[in-house]
Number of protein chains: 2
Amino acid sequence: MDANKENSRQKILDVAIQLFSKSGFSNVSIREIAAAAGIKSASLYYHFPNKQSIYLAVIEHSFSNKAAVFTEVLGADKTALERLELFIYKFTEIMSKDENFRRLLHREMLDGDEERLKYMADKVFKEQCIAIGQLMKEVSPECDPHMMTISISSLIIHHLETAPIRKYLPDYKPEHDQPDYIARHVYELLTKAIIK
Amino acid sequence: MDANKENSRQKILDVAIQLFSKSGFSNVSIREIAAAAGIKSASLYYHFPNKQSIYLAVIEHSFSNKAAVFTEVLGADKTALERLELFIYKFTEIMSKDENFRRLLHREMLDGDEERLKYMADKVFKEQCIAIGQLMKEVSPECDPHMMTISISSLIIHHLETAPIRKYLPDYKPEHDQPDYIARHVYELLTKAIIK
DNA sequence: GTCTATATATGGATAGAC
DNA sequence: GTCTATCCATATATAGAC
């Protein structure tokens, strides 16, 4: 039946995102994906023409709908500074939960070709970047919106992404891994100068 | 002669760091490394027992001597704030020049096992983290030294590392890629609150 | 130290039955 | 839609000559 076709396709994508996120494109075999999806590798070729197309479907599926999440927060009926705070907390929370997305993003930054990077820029980031840039100019008119936007996302993503190594670094405390702690740190870093 | 042995070994490491940095461990073949080093793949096994050992040698070679570079800057006879500024500019400049190191680091964060992450923490970062943490407490006694240290390095590394995609993002200007511009942005972000 | 030749394994992909 | 069987390319690694 038709339901099986969609079921299998979805199952393949579900296991593939996990595997690709964990190990990267070339460290995941067709056989591995098929086994995790509960079918034989030949059957997988009924749903996708080749390995590359699975990966691209994973990227597209994983990156779509990310842009829309923050539109609400960034357009809320609050002061600019309140919206900034809200965005930082929301962004940290969402990024903290979606490790697959974070790692795929990370991998694409290293190995994505020009076409894929442009796709990500246009379809995943552009809309939010404009909104955050706008917000930053409201908060601080003379700032560089491009640099500030990158800085904010960098701070949040990097604190989350460095968790595996930070625990071996000086002054580490378990609460450093908690989304709210990270969000607070980032918000205060932006709004309070370290010198009085 | 003995010189040839060391020459070949060094040549292999030199080409291997470039290839591993560019494509990652599993996307580089022994044949590729051998060809780039000007020998046949069988000859490569005279110098290294297997592919993994080449990679580990590359990591060790590439990551050693990184820790010492900043000791001078961080120990300079200046005010804490001046040392912070000096460190940020120096760190940005060095990271900007050594793309191989940056990308290997990036890859290790994704794929490094516990042992390699611990090695990196101890041998590459620990010493500097302590120095920067100390410096930050001098500049701002009530700050969280662990979070501040990660934040500073994140900001710098991420601005450099996102260069390939930033050019497709809103408000991008070519000077955003220049080390001095990035360093200035980071220093001002830390020292000037975005709200007055 | 470097070579040629080759053993051996694994992975992507296809053919054709059910 | 999924299977079994198989082709073919590529990769790591070894054997043994020079």
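Atom set for the values below is all heavy atoms of this structure, side chains included, hydrogens, waters and symmetry mates excluded.
- With D:dC3, D:dG1, C:dC3 as the choices, the nucleotide that has an atom nearest any side-chain atom of B:Ala42 turns out to be C:dC3.
- Nearest to the side chain of B:Ser8, among D:dA13, C:dC3, C:dG1, sits C:dG1.
- Rounded to whole Å, the distance from CG on B:Asn27 to C1' on D:dT12 is 15 Å.
- Comparing atom distances between the B:Ser43 side chain and each of D:dT2, C:dT2, D:dT4 picks out C:dT2 as nearest.
- With rounding to whole Å, B:Ile12 atom CD1 is found 14 Å from D:dT12 atom P.
- The two atoms that bring A:Lys126 and B:Tyr168 nearest to each other are CE-O, 4.1 Å, heavy atoms only.
- With distances taken from any side-chain atom of A:Ser29 to the nucleotides D:dA11, D:dC3, C:dG12, the minimum falls on C:dG12.
- With D:dT12, C:dC3, D:dC3 as the candidates, the nucleotide lying closest to the side chain of A:Lys40 is D:dC3.
- A donor atom on one side chain and an acceptor atom on the other are not found under 3.5 Å apart for A:His159 and B:Ser154.
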For this session: Determine, stepwise, if the pair B:Lys118 / B:Glu114 fulfils salt bridge (charged side-chain N to carboxylate O under 4.0 Å, His left out).
Result: CA-CA 6 Å; B:Lys118 194 158 175 18; B:Glu114 283 298 301; over 6 Å; no
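- Note: CG (A:Leu19) to P (C:dG11) measures 13 Å, nearest angstrom.
- Sequence order on DNA chain D of the closest nucleotides to B:Tyr45 and A:Arg31 puts A:Arg31 first from the 5' end.
- Side chain of A:Glu60 to backbone of A:Ala57: no donor-acceptor contact under 3.5 angstrom is found.
- A donor-acceptor pair shorter than 3.5 Å cannot be found between the side chains of B:His176 and B:Asp171.
- For the helix from C:dG1-D:dC18 to C:dC18-D:dG1, the axis fitted to the five pairs at one end and the axis fitted to the five pairs at the other end meet at an angle of 0° (nearest 10 degrees).
- Taking the six-membered ring where tryptophan is involved, the planes of A:Phe25 and A:Phe20 are essentially parallel, since the angle between them stays under 30° and well short of 60°.
- For the pair A:Leu44 CG and C:dG12 C1', the computed distance is 11 Å after rounding to whole Å.
- Of the listed nucleotides (C:dG1, D:dA13, D:dT2), D:dT2 has the atom at the smallest distance from the side chain of A:Tyr46.
- Atom-to-atom, NZ of A:Lys51 to C1' of C:dT10 comes out at 11 Å; the value is rounded to the nearest Å.
- Rounded to whole Å, the distance from CD1 on B:Ile30 to P on C:dT2 is 15 Å.
- Atom CZ in A:Phe48 sits about 12 Å away from atom P in D:dT2, given to the nearest Å.
- Residue B:Phe70 forms a side chain to side chain contact (heavy atoms under 4.5 Å, CB included) with just one option from B:Ile132, B:Leu86, B:Ile94, and that option is B:Ile94.
- Distance CD1 (A:Ile33) to C1' (C:dG11): 12 Å, rounded to an integer number of Å.
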